[in-house]
K.L.:
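Sharing a structure with you now.
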Amino acid sequence: MVHGEVQMGDAPALASAQLSTADQDSFATEADVIVVGAGPGGSATAAFCAMRGLSVLLLEKSQFPREKVCGDGLTPRAVRMLTRLGIDSTETAGWARNKGLRVYGGRTEPFELPWPELADFPDYGLVCPRSRFDDVLAGHAMKLGVTLHTGVNVTEPITADDRIVGVRDNQGREFRAPIVVAADGNSTRLAVAMGRQRDEARPMGVAVRTYFESPRAQGEWMESWLELWDGRPGESNQLPGYGWAFPMADGTVNVGLGMLNSSSAFGHTDYRALMRTWLATTPPEWQFDEAHQRGEIRGAALPMAFNRKPAYADGLLLVGDSGGMVNPFNGEGISYAMEAGELAADAISEAHSRGVGTPGAERALHAYPTALSSRFGGYYRLGTIFVKLIGNPQIMHLCTTYGLPHRSLMKLVNKLLANLTDEHRGDAMDHLINTLSRLAPPA
Ligand SMILES: Cc1cc2nc3c(=O)[nH]c(=O)nc-3n(C[C@H](O)[C@H](O)[C@H](O)COP(=O)(O)OP(=O)(O)OC[C@H]3O[C@@H](n4cnc5c(N)ncnc54)[C@H](O)[C@@H]3O)c2cc1C
């Protein structure tokens, strides 16, 4: 099978299989909402807005299917968002499920941590190449009535009285709507043009990844390495960063490593060389070698803990990486982008009914950052502290040596890192995590 293909039983709608109206005679340029960027954040925002009866223009600079540098891992949080969107994530629809995390650290044998059994979240994760996943999400949004224009590279906002009223692309084409969403990823040209600067004090990560054809592609666990070594663990030099290997349904494994800006090596490391050094220590039968590598080692940034604010002002909402919404505990950004998209759609539809431009509509739009903060603010604050602590390799080594062998402690850590607890009627661990998140001042 060609890399990137997933066999789907009941094939979902794909953006790449549908004609964008940009290819047709009528080229819509006005809507209730414009969403810039058709990654998971943008497509989810657009889909949730369409579900609420709004007309939506989704503008994407590339063509589907397109590559996106990512680990391709979907935790139960992200799976829940697929369900909320109405996308079938059952195995009969062709998705490959995994049952949890296999964690390496502190000793040769790994620890297996199944996804928790909860009322609020499913107990399985998925791994799907972003070339496919983003195509599915954008296609689903189109099925719900969203107009997707691909090949539209948005370069600037159109403003009136300091408020965004549309966008212009690099061909000078104009698109107008009273509310605009920047879901254009970490570099977010649109948010920058509207004056939203990045807060350098917030946590930030960098990660690289590639694919290998490997017998481990059939695995049922998402694997992660809390410590990397250039030889035998504990008997060689410890390398900076954390690694992962996520088995895909297409016979390959997505393998990568990441580093946080709390590490002293951040910003002056050759990440590709680091990855090669680490992979040379993996067992030869895993085939994480040049002969079995599929595609370049490619990297990108992970903006965390709301590193760009405010998430709403002057008619523009930020969703996903544009607003720095990656979870600092585990580098997960897909679910957070999609969840933000749903919260944004709530605020936008409320503003639309009240009459955009009225004080009531503005109050509804300002409720979006409040909703984000109340859902993730305290948790991200805890994550910011965590990032500072594990920036010190000795602290991480202590945790892996003494913490990992304690099953109930690791169960707690697993729930904390993946942000998987029941809000009501959870167990004592859920209660502890929820209370800490509530008490922490929002990030
Ligand atoms: C190496 C790596 C591994 C990762 N692994 C995982 C993982 O396993 N699981 C996980 O949950 N998260 C992971 N993440 C984080 C995750 O990839 C992001 O958080 C997620 O993609 C954010 O989605 P988004 O929709 O906000 O932005 P993006 O996915 O970046 O989408 C932005 C979209 O906007 C488009 N765009 C950009 N500029 C313009 C413009 N000017 N005009 C029009 N369109 C534009 C882009 O083409 C793109 O389609 C990883 C990140 C990296 C770097």
Side-chain angles (χ1 to χ4, degrees), residues 15 34-46 57-79 81 98 125-131 133-135 137-138 148-157 167-171 173 175 180-193 204-210 222 224 241-246 248 254-259 271 275 297-304 308 318-327 330-341 344 418-419:
I34 286 175
V35 180
V36 178
S43 288
T45 310
L57 270 180
L58 178 58
L59 308 178
E60 167 58 46
K61 68 177 178 187
S62 54
Q63 304 285 350
F64 288 104
R66 59 111 178 83
E67 187 191 8
K68 166 80 180 107
V69 180
C70 187
D72 305 324
L74 303 170
T75 68
R77 258 198 112 83
V79 178
M81 289 315 294
N98 58 68
L126 305 166
V127 183
C128 181
R130 289 289 298 275
S131 53
F133 184 72
D134 290 17
D135 199 356
L137 284 191
L148 170 70
H149 290 326
T150 54
V152 174
N153 187 347
V154 171
T155 48
E156 56 180 329
V167 294
R168 199 171 285 116
D169 80 351
N170 61 353
Q171 297 177 45
R173 292 180 291 192
F175 303 86
V180 178
V181 176
D184 48 351
N186 172 55
S187 52
T188 188
R189 199 170 179 167
L190 191 55
V192 173
M204 177 68 132
V206 166
V208 294
R209 67 93 175 97
T210 188
M222 291 169 72
S224 71
Y242 319 95
W244 74 81
F246 296 164
M248 320 271 290
N254 179 318
V255 185
L257 62 81
M259 196 182 290
Y271 296 99
M275 177 117 152
I297 299 177
R298 297 189 60 204
L302 294 114
M304 298 170 163
R308 199 182 299 275
L318 313 188
V319 163
D321 278 12
S322 72
M325 298 182 191
V326 172
N327 177 357
N330 66 355
E332 177 184 10
I334 296 171
S335 178
Y336 296 90
M338 293 167 74
E339 290 183 56
N419 198 7

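As the structure lists them, so they are numbered: ligands from 1, and atoms in each ligand from 1.
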K.L.:
Is G331 in contact with ligand 1, taking contact as a heavy-atom separation below 4.0 Å?
P.N.:
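Yes, G331 has heavy atoms under 4.0 Å from ligand 1.
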K.L.:
Among protein heavy atoms, which lies nearest atom 26 (O) of ligand 1, and at what distance?
P.N.:
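The protein heavy atom lying closest is D321 N, 2.9 Å.
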K.L.:
If I take atom CZ from residue R77 and atom CG from residue N327, how far apart are they, to the nearest 0.5 angstrom?
P.N.:
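Rounded to the nearest 0.5 Å, the CZ-CG separation comes to 8.0 Å.
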K.L.:
If you measure from CZ on R189 to CD on E156, what distance do you get to the nearest 0.5 Å?
P.N.:
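Going from CZ on R189 over to CD on E156, the span is 8.5 Å.
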K.L.:
Would you find more than 12 non-hydrogen atoms of other residues, nucleotides or ligands less than 6.0 Å from R168 atom CZ?
P.N.:
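For R168, atom CZ is crowded (more than 12 foreign heavy atoms under 6.0 Å).
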K.L.:
Where do M204 and A301 come nearest, in terms of heavy atoms and distance?
P.N.:
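Shortest heavy-atom contact: CE-CB, 4.2 Å.
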K.L.:
Between N153 (side chain only) and D169 (backbone N and O only), is there a donor and an acceptor less than 3.5 Å apart?
P.N.:
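Not confirmed, N153 side chain does not pair with D169 backbone.
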K.L.:
Once you restrict to heavy atoms under 4.0 Å, what part of N186 touches ligand 1? Side chain, backbone, both or neither.
P.N.:
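Answer for N186: neither.
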K.L.:
Under 3.5 Å between any N/O of A301 and any N/O of ligand 1: does that happen in this structure?
P.N.:
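Such a contact does not occur with ligand 1.
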K.L.:
Measure R189 to ligand 1 on non-hydrogen atoms and call it side chain, backbone, both or neither using the 4.0 Å cut-off.
P.N.:
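Neither; no heavy atom under 4.0 Å.
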K.L.:
G320 heavy atoms, cut-off 4.0 Å: which ligand 1 atoms fall inside?
P.N.:
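Counting atoms of ligand 1 from 1, those under 4.0 Å from G320 are 26 (O).
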K.L.:
Using a 4.0 Å cutoff against the non-hydrogen atoms of V152, which atoms of ligand 1 qualify?
P.N.:
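Those of ligand 1 that fall under 4.0 Å from V152 are 42 (N), 43 (C).
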K.L.:
Give me the nearest non-hydrogen protein atom to atom 4 (C) of ligand 1 as residue plus atom name, then the distance to 0.1 Å.
P.N.:
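The protein heavy atom lying closest is G71 N, 3.1 Å.
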K.L.:
Tell me which protein heavy atom sits closest to atom 45 (C) of ligand 1, plus the residue, atom name and distance to 0.1 Å.
P.N.:
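Nearest neighbour among protein heavy atoms for atom 45 (C) of ligand 1, to 0.1 Å: K61 CG, 3.7 Å.
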K.L.:
Hey, mind stepping through E67 and R298 against side chain to side chain contact (heavy atoms under 4.5 Å, CB included) and telling me if it holds?
P.N.:
CA-CA 11 Å; E67 187 191 8; R298 297 189 60 204; 2.6 Å; yes
K.L.:
Within the 4.0 Å heavy-atom shell around R66, which atoms of ligand 1 are there?
P.N.:
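Heavy-atom distances to R66 below 4.0 Å select 48 (C), 49 (O).
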K.L.:
Measure the distance from atom 1 (C) of ligand 1 to every protein heavy atom, then report the residue, atom name and distance (to 0.1 Å) of the closest one.
P.N.:
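Protein heavy atom with the smallest distance to atom 1 (C) of ligand 1: A207 CB, 3.4 Å.
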K.L.:
Below 3.5 angstrom, do we get any N/O pair linking N153 and ligand 1?
P.N.:
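For ligand 1, there is an N or O atom that lies under 3.5 Å from one belonging to N153.
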K.L.:
Among L59, V36, L58, L57, exactly one meets side chain to side chain contact (heavy atoms under 4.5 Å, CB included) together with V152. Which residue is that?
P.N.:
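The side chain to side chain contact (heavy atoms under 4.5 Å, CB included) with V152 is passed solely by L59 among L59, V36, L58, L57.
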K.L.:
Heavy atom under 4.0 Å from ligand 1: found in V154's side chain, backbone, both, or neither?
P.N.:
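Looking at V154 and ligand 1, atoms from backbone and side chain both fall under 4.0 Å.
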K.L.:
Can you report which non-hydrogen protein atom sits closest to atom 6 (C) of ligand 1, along with the distance?
P.N.:
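Ranked first by proximity to atom 6 (C) of ligand 1 is C70 SG, 3.4 Å.
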K.L.:
Using the test side-chain contact (heavy atoms from CB on, under 4.5 Å), find all partners of A245 that sit at least two apart in sequence or belong to another chain.
P.N.:
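Partners of A245 under the side-chain contact (heavy atoms from CB on, under 4.5 Å) test: E223, W225, V253, V255, F288.
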K.L.:
One residue to check: V206. Relative to ligand 1, which of side chain, backbone, both or neither has a non-hydrogen atom less than 4.0 Å away?
P.N.:
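The answer is neither; V206 stays 4.0 Å or more away.
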K.L.:
Only heavy atoms of A183, strictly under 4.0 Å: list the atoms of ligand 1 that pass.
P.N.:
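So the atoms of ligand 1 that pass are 32 (C), 33 (C), 34 (O).
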K.L.:
Supply the atom-to-atom distance L302 CG to D321 CG, rounded to the nearest 0.5 angstrom.
P.N.:
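Reported to 0.5 Å precision, the distance equals 7.0 Å.
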K.L.:
Looking at every non-hydrogen atom in both residues, tell me the closest pair between C70 and N254 and how far apart they are.
P.N.:
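Residues C70 and N254, closest heavy atoms: O-ND2, 2.8 Å.
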K.L.:
With distance as the sole test, does S322 use its side chain to make a donor-acceptor pair with the main-chain N or O of A182 at under 3.5 Å?
P.N.:
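Yes; judged by distance alone, with no hydrogens or angles, the pair exists.
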K.L.:
Within ligand 1, which atoms have a heavy atom of V69 less than 4.0 Å away?
P.N.:
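So the atoms of ligand 1 that pass are 1 (C), 52 (C), 53 (C).
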K.L.:
If only side-chain N and O atoms count, and only distance matters, is there a donor-acceptor pair under 3.5 Å linking N330 with E332?
P.N.:
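On atom types as modelled, these side chains qualify, holding a pair under 3.5 Å.
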K.L.:
Tell me whether T188 contacts the main-chain N or O of D184 through its side chain, where contact means a donor paired with an acceptor under 3.5 Å.
P.N.:
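No, because the side chain of T188 does not come within donor-acceptor range (under 3.5 Å) of the backbone of D184.
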K.L.:
For ligand 1, which part of W244 has a heavy atom less than 4.0 Å away: the side chain, the backbone, both, or neither?
P.N.:
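Answer for W244: side chain.
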K.L.:
Does R130 have a non-hydrogen atom less than 4.0 Å from ligand 1?
P.N.:
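It does; at least one heavy atom falls under 4.0 Å.
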K.L.:
NZ of K68 to CG of D135: how many Å apart, nearest 0.5 Å?
P.N.:
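If I round to the nearest 0.5 Å, the distance is 15.5 Å.
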K.L.:
So which heavy atom on A15 is nearest to which on F64, and how close?
P.N.:
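Looking at all heavy atoms of both residues, the closest pair is CB-CD1, 3.8 Å.
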K.L.:
Look at atom 12 (N) of ligand 1 and say which protein heavy atom is nearest, naming residue and atom and giving the distance to 0.1 Å.
P.N.:
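Answer for atom 12 (N) of ligand 1: G333 N, 3.0 Å.
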K.L.:
Looking only at heavy atoms of Y336, does any of them come nearer than 4.0 Å to an atom of ligand 1?
P.N.:
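Heavy atoms of Y336 never come under 4.0 Å of ligand 1.
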K.L.:
For atom 23 (O) of ligand 1, grab the closest protein heavy atom and report residue, atom and distance to one decimal in Å.
P.N.:
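Here the nearest protein heavy atom works out to P40 CD, 3.7 Å.
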K.L.:
What atoms of ligand 1 come closer than 4.0 angstrom to any heavy atom of D72?
P.N.:
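Taking each heavy atom of D72 in turn, ligand 1 has 8 (O) under 4.0 Å.
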K.L.:
Give the atoms of ligand 1, by number and element, whose distance to some non-hydrogen atom of V326 is under 4.0 Å.
P.N.:
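Close to V326: 19 (O).
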K.L.:
Of the protein's non-hydrogen atoms, which lies at the shortest distance from atom 37 (C) of ligand 1, and what is that distance?
P.N.:
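Here the closest protein heavy atom is D184 O, 3.3 Å.
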K.L.:
With heavy atoms of L302 as the reference, note each atom of ligand 1 found under 4.0 Å away.
P.N.:
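In order of number, 14 (N), 15 (C), 50 (C), 51 (C).
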